[in-house]
Each structure stands twice: as C-alpha cells, then as structure tokens.
Amino acid sequence: MEIYDSSKIEQFKDVWVFCEQRQGVVQPTSYELISEGRRLADELGCKLYALLLGDNVADKCKEVAGYGADGVVLCESPLLKNYTTDGYTKVIVDVVKQMKPEVVLFGATYIGRDLGPRCAARLHTGLCADCTHLDVAVPVYQEFLTGASTLAPERIAGTSSAMVMGQPHDVSHDLKMTRPAFGGHLMATIICPRFRPAMATVRPGVMKKAPFDQKVADAAEIIKPAFELSEADFETEILAIEKAAKKLVDLIGADYIVSVGRGIAKDVEGGIALGQQLADELGGVLGGSRVTVDSGWLSADHQVGQTGKTVHPKVYIALGISGAIQHKAGMQDSECIIAVNTNPSAPMFEIADYGIVGDLFKVVPMLIESIKAAKAAK
C-alpha cells in the first residue's frame with residue numbers, strides 16, 4: 001500500500017468542493033463554491049468534483065453538479081446523517097488520501113470552519129481561513145491586484161514568483177488565497193507551495209453562483225469511494241439537535257441594501273432610523289460599515305465589507321460611508337450603487353453609479369418622499 005505523503009505534490013490533481021448539507025438541504029454557499037471551483041479547475045487544467053457526505057443524499061448529486069462539476073464524490077452512511085467533527089473528518093481524510101485532490105475548498109460556515117482545519121492538520125497540509133478571493137493563473141491574479149490593491153505596477157509584476165525556503169519559487173500552479181488580515185486593514189495572499197492539497201475556507205456570499213445547467217448535471221460522474229466508519233471512530237454522541245431561532249439581517253439575500261457609516265455620528269439614532277426607513281420603503285434591509293459595528297451602533301450581522309458580509313444587491317445605497325477599500329470590496333459588485341456623502345472626494349463616489357454630495361440627514365428624507373410619491377402615482 002502506497003504511503004500518503006502530502007509533500008509529493010506531483011501526485012495530486014483535481015479540485016474538490018465540500019458541499020455542505022444539513023438535514024438533506026444543500027447550503028447555498030456550496031453552489032457558490034462549485035461555480036468558483038469550475039474557474040479554478042479550468043485554470044489548473046483539471047477536473048472539478050463536489051464532495052458530498054450524508055445519509056441517503058444521492059438525490060442531491062445532480063443538484064450540486066449542475067453548477068459546474070465534472071463529478072460528485074459521494075460518501076453515504078447512517079453515521080453521516082448528522083454532522084460530527086469526528087465522522088466527517090475521518091471520511092474526508094481517508095478519501096483525500098485515496099484520490100489525492102490538489103485543492104479542497106470549504107465554505108466558511110460554522111461547519112466548514114470546524115471541519116477544514118481538522119482535515120488539514122491530519123493531512124499535514126496548509127489551510128487559509130476566511131478567504132474572499134481565489135486565483136491560480138498569475139495574469140488573472142495580477143489583474144485582480146490591479147483593481148483591488150494599492151500596490152505599484154512593479155510590485156504586481158513581481159508576484160509571478162515567491163521565495164520558499166530561501167529559494168525562488170514559480171507560483172503559476174499554486175492556489176492564491178486572499179483574505180483580510182490585521183482586522184481587515186490589509187489583504188494577504190497565501191500560497192501552500194510545499195504540500196497538497198491546498199485547502200481554504202471561503203466566506204459565504206463572496207463568490208458568484210453560476211446558472212444551473214441540466215446537461216452538466218446529467219453528465220456528471222458519480223464516484224463512491226470505499227471508506228470505513230464505525231461508532232468506535234466517534235468521541236462524542238449526538239443525543240438531540242435543538243434549534244434556537246434568532247432573527248438576523250439577511251444581507252446576502254437582499255435585493256436592496258441601505259448602509260450607514262460614520263456620517264451618522266452627529267445623530268446616531270436618527271441616522272439609523274432614517275436608513276431603516278429608506279430600506280423599508282424599498283423593501284430592503286439596513287447594513288452598515290465597520291465603524292458602525294465597532295462603535296456599537298449596529299450589531300455585527302449588519303456589517304458589509306471584507307470583515308463583514310460580501311453582497312451583490314440590485315441597489316446599494318451608501319449613506320455617510322467614505323468608501324474604504326475594505327468596505328468597497330464587500331459591495332462593489334452591486335448592480336447599482338448610490339452614494340450620499342458631504343465630501344465630494346469620498347472614494348465611494350469612484351464606484352458609485354449615482355452620487356449625491358450633501359448631508360444625508362437632508363437628502364434621505366427627500367429620497368423617502370420621492371419613493372412614496374412614485375408608489376402613490378402607480
């Protein structure tokens with residue numbers, strides 16, 4: 001039997017995406033990762049597989065494959081019905097050792113953040129947590145840096161290689177995993193040059209979901225690898241699953257988002273009330289910049305940006321938000337961006353489709369009245 005060695009990187013091939021399901025329901029971030037994994041697999045010149053674990057979940061294979069996978073690695077067992085760190089880790093580690101994928105991606109959900117690091121440690125490889133951008137091809141990565149960083153052109157041109165163990169290393173075949181660092185004040189790109197698979201957890205909502213393709217789903221290969229799993233492999237036992245309902249703001253699924261920033265400082269309660277009223281008139285939700293959360297004005301589930309949620313609404317209205325690069329990275333792909341700020345040089349105006357230079361406390365009431373009038377005229 002061949003001994004598994006994560007340093008023999010030439011033996012590893014293909015991109016895998018762990019498709020998270022809960023009680024038989026595939027989580028939305030899995031579709032996003034399959035779509036992104038398709039692009040990475042194309043850049044690597046390999047296949048993309050969805051990794052699906054559970055009990056009686058074979059009917060979900062086509063559902064996940066239709067977003068771009070060449071096949072599904074299906075692992076079923078009654079012991080995998082409910083997520084456990086012990087069971088899922090053992091099965092994934094055993095299957096990875098058998099099939100040797102080059103890249104394995106997890107959603108940065110509660111499950112993914114628990115499962116990914118455990119698997120990486122047992123496989124003796126690296127994992128980059130909470131990624132917001134992924135690339136393989138150097139030109140594509142450099143194009144990303146040009147638009148999303150303040151690096152000088154000569155620094156960007158130098159990203160085609162790196163120093164590893166004191167020696168120059170060609171990064172053209174490495175997964176480039178970008179994540180916020182130092183509380184979101186910097187963005188760091190991590191590579192795993194010496195071991196495989198390269199592993200990452202990816203923040204939900206940052207990758208765009210491709211359209212479902214029934215032909216791709218029907219053509220997908222279903223692989224059922226052999227694995228062993230018994231009750232002796234579990235250190236814990238699930239006695240019951242209790243769900244507690246807590247109302248959180250659904251920024252990722254919203255079509256209309258009104259976000260407030262430092263500009264509401266002179267009247268925090270009034271500014272939040274105005275933002276909420278505008279959001280209600282649009283049928284949307286209230287968001288905020290990092291400063292509003294750090295200052296305790298809004299709860300963390302309202303935060304938009306690299307250290308919050310990445311959103312793609314139809315309309316994004318930024319009220320009193322200057323437009324730091326970390327915030328823009330979390331909302332710049334919105335279909336329509338409207339910015340209101342007293343500073344005509346605010347960076348937010350650089351990406352806004354419509355900009356209003358003015359006091360949000362004067363502008364927003366006029367916007368609300370205009371929306372009400374438009375509704376009444378219908």
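The basis for the numbers below is simple: all heavy atoms, side chains too, and nothing from hydrogens, waters or symmetry mates.
The distance from the CZ atom of Phe212 to the OG atom of Ser35 is 11.0 Å, given to the nearest 0.5 Å. Here CD1 of Ile190 is found 12.0 Å from CG of Asp174. Values are rounded to the nearest 0.5 Å. Note that CE of Met187 and CG of Leu145 are 10.5 Å apart. Values are rounded to the nearest 0.5 Å. Rounded to the nearest 0.5 angstrom, Ile252 CD1 and His312 NE2 are separated by 9.0 Å.
Residues Val91 and Leu80 have side chains in contact (heavy-atom distance under 4.5 Å, counting atoms from C-beta outward). Within the 4.5 Å cutoff, side-chain heavy atoms of Asp359 are placed close to those of Lys266. Residues Leu229 and Phe234 meet the side-chain proximity criterion, which asks for heavy atoms closer than 4.5 Å. When side chains are defined from C-beta on, Ile371 does not count as touching Ile368, because their heavy atoms never get closer than 4.5 Å. Side-chain contact check for Met177 versus Ile191: every heavy-atom pair is 4.5 Å or farther apart. Val103 has its side chain out of reach of Phe12: every pair of non-hydrogen atoms, C-beta onward, lies at least 4.5 Å apart. The shortest distance between side-chain heavy atoms of Lys176 and Val138 falls below 4.5 Å. Between Ser259 and Ile317, the closest side-chain pair of non-hydrogen atoms is not below 4.5 Å.
The number of heavy atoms from other shown groups lying within 6.0 Å of CE (Met163) is above 12. By the neighbour-count criterion of 12 heavy atoms within 6.0 Å, atom CD of Glu221 is densely surrounded, having more than that number from other residues, nucleotides or ligands. For Glu154, the CD atom is densely surrounded, since the number of other residues' heavy atoms within 6.0 Å is greater than 12. Sparse packing is recorded around CZ of Arg155, with 12 or fewer heavy atoms of other residues, nucleotides or ligands lying under 6.0 Å away. Atom CZ of Arg262 sits in a sparse spot, with 12 or fewer heavy atoms from other residues, nucleotides or ligands closer than 6.0 Å. In the displayed structure, Lys215 atom NZ is contacted under 6.0 Å by at most 12 heavy atoms of other residues, nucleotides or ligands. The neighbour count for His169 NE2, taken as heavy atoms of other residues, nucleotides or ligands under 6.0 Å away, is above 12. Atom CD of Gln214 is surrounded by more than 12 heavy atoms from other residues, nucleotides or ligands within 6.0 Å.
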**Report entry** Derivation and outcome, side chain to side chain donor-acceptor pair (under 3.5 Å), residues Ser6 and Thr125
**Finding:** CA-CA 7 Å; Ser6 62; Thr125 189; 5.7 Å; no
Requested in this report: Go through the steps for Ser30 and Tyr67 under the test side chain to side chain donor-acceptor pair (under 3.5 Å), then give the verdict.
Outcome: CA-CA 9 Å; Ser30 300; Tyr67 290 93; over 6 Å; no
Requested in this report: Apply side chain to side chain donor-acceptor pair (under 3.5 Å) to the pair Gln303 and Ser289, showing each step before the final yes or no.
Outcome: CA-CA 6 Å; Gln303 186 176 337; Ser289 64; over 6 Å; no
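The same ILVMFWY cluster, assembled from side-chain heavy atoms under 4.5 Å apart, contains both Phe227 and Tyr4. Under a hydrophobic-cluster definition in which Ile, Leu, Val, Met, Phe, Trp and Tyr are linked whenever side-chain heavy atoms come within less than 4.5 Å, directly or via other members, Tyr256 and Leu319 are assigned to the same cluster. Neither Tyr316 nor Val260 shares a network with the other; the hydrophobic side chains, linked directly or stepwise wherever heavy atoms of I, L, V, M, F, W or Y lie under 4.5 Å apart, form separate groups for each.
Distance alone, capped at 3.5 Å, places no donor-acceptor pair between the Thr310 side chain and the Val206 backbone. With hydrogens and angles disregarded, no donor-acceptor distance shorter than 3.5 Å links the side chain of Asp14 to the backbone of Pro101.
For the side-chain hydrogen bond (donor to acceptor under 3.5 Å, both in side chains) with Asp94, the qualifying choice from Lys97, Lys90, Gln98 is Lys90, the only one to do so.
The aromatic rings of Tyr88 and Tyr83 stand perpendicular to each other, their planes meeting at an angle above 60°, with 30° marking the opposite boundary.
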